[in-house]
Protein chains: 2
Amino acid sequence: MLNELSDNTEHKILEAAKTVFIKEGMKGARMQEIATEAGINKSLLHYYFRTKEKLFAAVFQFAFKAFIPKIDEILGPGLSLHERFSRFANAYTEILIDNPFIPLFVLHEINRHPEIIYKLVQQVGTKPKLLEEIITDEIKKGVIKPVDPKQVIINMISLCVFPIIARPIILPLIFEDDQKKYRKFLEDRKTEIADFIFNSIKVQ
Amino acid sequence: MLNELSDNTEHKILEAAKTVFIKEGMKGARMQEIATEAGINKSLLHYYFRTKEKLFAAVFQFAFKAFIPKIDEILGPGLSLHERFSRFANAYTEILIDNPFIPLFVLHEINRHPEIIYKLVQQVGTKPKLLEEIITDEIKKGVIKPVDPKQVIINMISLCVFPIIARPIILPLIFEDDQKKYRKFLEDRKTEIADFIFNSIKVQ
DNA sequence: GTCTATATTGTGATAGAC
DNA sequence: GTCTATCACAATATAGAC
């Protein structure tokens, strides 16, 4: 027996819209395709969300939240810097493996309309202040080199996200279309990324 | 006085098509917008390229070539590994700063149609074999740790590309919309990335 | 080769019955 | 709330004059 949420039409529409919008983008998505995916009629989409624009907005907000890592949540208190990197790489890579099309969807749409980010930032509120402070502290303590914390944070996110969004290039070009090799590569990275970042900045 | 190439209509159309397609994507681009951008009539587009599809294909091929770094060209012979990393980060970052929308365009379209890569790979032919061999050699010589060369290469490209494609998120979230700070950040990275990669894998 | 005018199709949105 | 039928417009593509 399905519960109310997973059974009602609005929920079905949203799930279908996520699937289609995230795969095809705002312009590429067709209302008909979303309706078919949801197993309902096209008109019902308009009954529930009035316009494609509004339906898209709901999906985009969801995707943005899923893409922006909740760094401060992932990083619990009282951990070493290396452990923090390791936790982050693990948790974020997991999220990305489960939702591989979200990053590209968010980046593509935000490039088309850079202004939409401002509303979302207020709602989501995600400045990675904590991690930046932690890195700055470790520099003062002499544990790591005097690097720019912003560079380190961007490096971290770059290393997690890029291999996911470049999958259709990496898979044939680097792994000869062997999905298992690619998958193992991603699994290895969970630990590799943390080691990699830490080795690059630690005092020898 | 313009030379033949830069003056003829076909060239004007292609330049306009690059601008519009790369910014808006295949589905987002409008033939009218391309025509306007080229300073000609909409019908002429069809006269020269018959369909939107064919015009898109021309643009995509160009963009793909521009995006895939010609690693083996950038890496001249007789250089140290650190110098090679440094050269690559410099050259590739320059290309990306000059063409910031190309990576996202290529990745977005290739995700929508992953099969299109096979034709292009044949034409462009870009397996980073040379760099992989060089890294493997350095491992044997004991200069660097026994890492997976593929991980190192992907790291290199990730660190170059991601900060460019995530600009609309990074700029407001990390640099408070200060374009100069972002620009300096990218400039710093040219050397930072090479150091970063090399430090992370060198034997201490 | 280049234009204007028009055909054709695709697609978001609405009206109205049930 | 859900459906069928239809509208209205946007966008690709073509016809035909010059």
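Proteins get letters first, then strands, A, B, ... in listed order; numbering begins at 1 in each.
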Rounded to the nearest 0.5 Å, the CG atom of A:L104 sits from the CG atom of B:L104 at a distance of 6.0 Å
Residue A:K190 excluded, over 12 heavy atoms near NZ under 6.0 Å:
yes
| query | Does a sphere of radius 6.0 Å around CZ in A:R87 hold more than 12 heavy atoms from other residues, nucleotides or ligands, not counting ones at 6.0 Å or beyond? | reply | no
Collect all protein-nucleotide pairs involving nucleotides 7-9 of chain D in which both atoms are nitrogen or oxygen and the distance is under 3.5 Å.
none

Could you tabulate the donor-acceptor pairs under 3.5 Å formed by side-chain atoms of residues 154-161 of chain A, not counting sequence neighbours?
{"from": "A:N155", "atom 1": "OD1", "to": "B:R189", "atom 2": "NH1", "distance (Å)": "3.0"}
{"from": "A:N155", "atom 1": "OD1", "to": "B:R189", "atom 2": "NH2", "distance (Å)": "2.7"}
{"from": "A:N155", "atom 1": "ND2", "to": "A:Q151", "atom 2": "O", "distance (Å)": "3.2"}
{"from": "A:S158", "atom 1": "OG", "to": "A:I154", "atom 2": "O", "distance (Å)": "2.7"}

Assess the side chains of [X] and [Y]: does a donor N or O sit below 3.5 Å from an acceptor N or O?
{"X": "A:T36", "Y": "A:Q32", "value": "yes"}
{"X": "B:T19", "Y": "B:E15", "value": "no"}
{"X": "B:D177", "Y": "A:Y118", "value": "yes"}

message: Set out, in order, the CA-CA distance, both residues' side-chain angles and the distance that settles side chain to side chain contact (heavy atoms under 4.5 Å, CB included) for B:F21 and B:K52, then state yes or no.
response: CA-CA 10 Å; B:F21 272 126; B:K52 183 183 181 183; 4.0 Å; yes
Among residues two or more places apart or on two chains, list those pairs meeting ring pair (Phe, Tyr, Trp, His ring centres under 6.0 Å) that have a residue in residues 157-188 of chain A.
->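 Of all non-adjacent pairs touching residues 157-188 of chain A, those that pass ring pair (Phe, Tyr, Trp, His ring centres under 6.0 Å) are A:F175-A:F185.
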Here the ring pair (Phe, Tyr, Trp, His ring centres under 6.0 Å) pairs for residues 65-85 of chain A, sequence neighbours left out, are A:H82-A:F198
Students should find that the nucleotides of DNA chain C closing off the region near chain B, any atom under 4.0 angstrom from a heavy atom, are C:dG1 to C:dA5
Could I get a table of every N or O pair under 3.5 Å where one atom is in the protein and the other is in nucleotides 12-14 of chain D?
{"from": "D:dT12", "atom 1": "OP1", "to": "B:M31", "atom 2": "N", "distance (Å)": "3.4"}
{"from": "D:dT12", "atom 1": "OP1", "to": "B:K52", "atom 2": "NZ", "distance (Å)": "3.3"}
{"from": "D:dT12", "atom 1": "OP2", "to": "B:M31", "atom 2": "N", "distance (Å)": "3.2"}
{"from": "D:dA13", "atom 1": "OP2", "to": "B:K52", "atom 2": "N", "distance (Å)": "2.7"}
{"from": "D:dT14", "atom 1": "O4", "to": "B:S43", "atom 2": "OG", "distance (Å)": "3.1"}

